[in-house]
Amino acid sequence: MTRFEAPRGTHDILPSEQPVWQWVTGQMEEVCALYGYRRIDTPGIEDTELIIRTSGGGSDVVQKETYTFSDRGGRSLTLRPEATAPICRAYIEHGLHREPQPQKLYTIGPMWRYDRPQKGRYREHWQLSVEAIGTDDPAVDAEVIQLYAEVLRRLGVTSYVLELNSIGDRNCRPAYLERLAAWLDEHDAELDDEARAKRATTPLRVFDVKSERVQKALAGAPKIGESLCYECREHFEQVRRFLDAYGVKYELVPTLVRGLDYYTRTTFEFKDEAIGAKDTVCGGGRYDGLIEEIGGAPTPGIGFGAGVERLLLSLGERDVSGAQLDVYFVCAETADRTRVLPLLAELRRRGLRADMDYGGRSQKGQIGQAGRLGAGWTVIVDGGRATVREPGRDDWTAGLDELVERISG
RNA sequence: GUGGCGGUAGCUCAGUCGGUAGAGCCCCUGGUUGUGGUCCAGGUGGUCGUGGGUUCGAGUCCCAUCCGCCACCCCA
């Protein structure tokens, strides 16, 4: 019989990992709440068409990374690769545009992408997704970015850089893409195969090629930043002014382009090089055409996805585990457990974490177990009385009937 | 999807030239000890990732496959 393993690229979150996990997601939730973002949870599966329409049929995500299948009713469904499109779908479906705008929403949950796994890249991973829908106020761009910087600050992560760019909108980007295409035609001889391949699929990404020779040539190419329309340029300047006001440090990266088609104007990534090649801990941007694209009224929005596993890598080893137990009962072989069980229940009722041995251990073994669990009180029961040990204090004894009061009172 | 490296106990690893499997930690038991710490002794636990091949004999050599890691592509 072959042993079963978690499917490739997926992982269990073990009890020993839960304290850090809960600390991290708890901080995320707390910050979101403080900033006025409300939690929304959407299904893991979505209509395949929604994902294609929003991420873009030509994007890598849709081309090779989706888990897509037909259900028994013949519907084509896709495991969500990200949460922005599902949240926008819910925004439209449930008429959230009739509630006060902007709608500030967040979710935390698993996402799926059929990628080749490596450190920091999983087929199932958890993301915090934060979305502000219904305004294009640049102050919200700054808020969303500063929100994540605040999460990092709380968790003590300082080894990151924030990259920032604006990639224009439907008014100025098409014109820019034409100018870029014309320039690339003119300078085709100076490009290499990699650059030509990118040019064909994602023209904005030609600036990512590694060849120094090509990079040198590209220095003369038109950049999106110089081609922004007045409104986009103005918007971007405001975003930067507000970030400065928040005291958020960033680097302008004119070639920062994101992988999904729906992005407009502001794009940004938080990166931590120390965690490996997969160094983007958080990535996002504005998506002013997305809601309209999937059947809603023209509605602007901005948001980001932040990977929980990558953030954990960035955190490194950190011990946030405390004692998991308050009271542990050690029963001598002669002890009557029918007298102990009600005490356990009463202590638990009073909010104390109480437990006893179920492993058939010897008395010595049970005392050892109490130590391993970090019990604050170790109650050694023998007959109608008990000896109680507390670290750093002298032992004391009590009758079983007064025990609960002595401990919880 | 492409290329490279690796998989031996729950964990970290050793295993020589191919000769029938080891250590430490963890866990369990007993002893020592004026607290649950220390120390001592013993014990549980492995189809050597899986399947095939070569061989008298494979953890070791060969092939395939699965999983992990690294880089690419791309991304959180």
Side-chain angles (χ1 to χ4, degrees), chain A residues 1-12 14-16 28 55-56 58-66 80-84 108-130 148 160 193-194 197-198 201-202 205 208-210 256-260 263 267-272 275-285 303-314 323 325 328 330 357 359-380 387-397:
Chain A
M1 169 113 159
T2 49
R3 272 187 12 157
F4 289 110
E5 294 174 2
R8 183 167 201 208
T10 70
H11 63 96
D12 302 306
L14 298 173
S16 60
M28 288 173 166
S55 293
S59 68
D60 272 40
V61 170
V62 168
Q63 283 293 305
K64 52 180 201 185
E65 295 173 5
T66 48
R80 62 177 182 197
E82 55 96 36
T84 301
I108 298 179
M111 309 293 158
W112 295 268
R113 267 142 123 130
Y114 190 87
D115 253 8
R116 181 126 162 199
Q118 66 183 79
K119 188 176 177 189
R121 187 168 74 186
Y122 311 96
R123 289 186 171 179
E124 178 181 275
H125 78 282
W126 283 60
Q127 250 183 61
L128 162 69
S129 188
V130 172
Y148 194 69
Y160 67 87
D193 288 347
E194 189 192 349
K198 284 184 197 273
T201 53
T202 47
R205 289 195 175 278
D208 293 343
V209 298
K210 287 163 293 298
L256 173 64
V257 173
R258 303 209 17 91
L260 307 173
Y263 285 113
T267 57
F268 61 93
E269 290 187 11
F270 287 80
K271 292 185 171 182
D272 181 355
I275 65 175
K278 304 289 119 232
D279 61 356
T280 301
V281 159
C282 169
F304 65 77
V308 174
E309 286 86 349
R310 283 191 192 168
L311 179 52
L312 253 22
L313 288 175
S314 198
L325 186 67
Y328 192 83
V330 172
D357 175 61
R361 290 185 181 79
S362 65
Q363 180 165 333
K364 174 189 168 143
Q366 293 181 47
I367 291 172
Q369 181 74 351
R372 279 188 292 276
L373 297 174
W377 289 272
T378 300
V379 180
I380 302 161
T387 304
V388 180
R389 288 179 178 174
E390 295 176 57
R393 301 180 63 171
D394 289 339
D395 292 359
W396 49 274
T397 63

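Convention: sequence-line order gives letters A, B, ...; per-chain numbering from 1. Bear in mind the structure is a predicted one, so any value in this text is a computation, not a measurement.
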Just checking [X]: base, sugar-phosphate only, or nothing, at a heavy-atom cut-off of under 4.0 Å?
| X | answer |
| --- | --- |
| A/Y122 | base |
| A/E65 | sugar-phosphate |
| A/G9 | sugar-phosphate |
| A/E5 | sugar-phosphate |
| A/K271 | nothing |

Distance in angstrom units between A/E309 CD and B/A76 P, rounded: 13 Å

Separation of atom CD1 in A/I275 from atom P in B/A71, rounded to whole Å: 11 Å

Polar pair under 3.5 Å, donor/acceptor by atom type, side chain [X], base [N]:
| X | N | value |
| --- | --- | --- |
| A/R8 | B/C66 | no |
| A/R116 | B/G68 | no |
| A/R205 | B/C74 | no |
| A/K119 | B/C70 | no |

Geometric class of the A/Y148/A/F270 ring pair [parallel <30°, tilted 30-60°, perpendicular >60°]: perpendicular

Residue mapping more 5' on RNA chain B - nearest nucleotide basis, A/A306 or A/D395: A/D395

Which residue lies more 5' along RNA chain B, comparing A/R258 with A/G368 via nearest heavy atoms: A/G368

If you measure from the [atom1] atom in [N] to the same atom in [M], how many Å do you get, rounded?
| N | M | atom1 | result |
| --- | --- | --- | --- |
| B/G18 | B/G59 | C1' | 10 Å |
| B/G22 | B/G46 | P | 14 Å |
| B/C67 | B/U50 | C1' | 10 Å |
| B/U8 | B/G15 | C1' | 9 Å |
| B/C48 | B/G53 | P | 16 Å |

Chi angles and distances behind the side-chain contact (heavy atoms from CB on, under 4.5 Å) call for A/F304, A/L128: CA-CA 8 Å; A/F304 65 77; A/L128 162 69; 4.1 Å; yes

Kindly give the atom pairs (protein nitrogen or oxygen, nucleotide nitrogen or oxygen) under 3.5 Å for nucleotides 29-31 of chain B.
from, atom 1, to, atom 2, distance (Å)
B/U29, OP1, A/S362, N, 3.2
B/G30, OP2, A/S362, OG, 2.9
B/G31, O6, A/K364, NZ, 3.3

Residues that A/W126 engages under ring-ring contact (aromatic ring centres under 6.0 Å, His included), provided they are two or more places apart: A/W21

Below the 4.0 Å mark, does [N] have OP1 or OP2 next to a side-chain nitrogen or oxygen of [X]?
| X | N | value |
| --- | --- | --- |
| A/R389 | B/G34 | no |
| A/Q118 | B/A71 | yes |
| A/R113 | B/C75 | no |
| A/K198 | B/C74 | yes |

Side chain to side chain donor-acceptor pair (under 3.5 Å) partner of A/H11, the single match among A/E309, A/E124, A/R123: A/E309

Spacing of CZ belonging to A/R258 relative to OG1 belonging to A/T267, to within rounding of 0.5 Å: 7.5 Å

Complementary nucleotide of B/G34, counting Watson-Crick and G-U pairs under 3.5 Å: none

Stepwise side-chain hydrogen bond (donor to acceptor under 3.5 Å, both in side chains) check, A/Q127 with A/S129: CA-CA 6 Å; A/Q127 250 183 61; A/S129 188; 5.0 Å; no

Closest nucleotide among B/G36, B/C72, B/C27 to the A/A277 side chain: B/C72

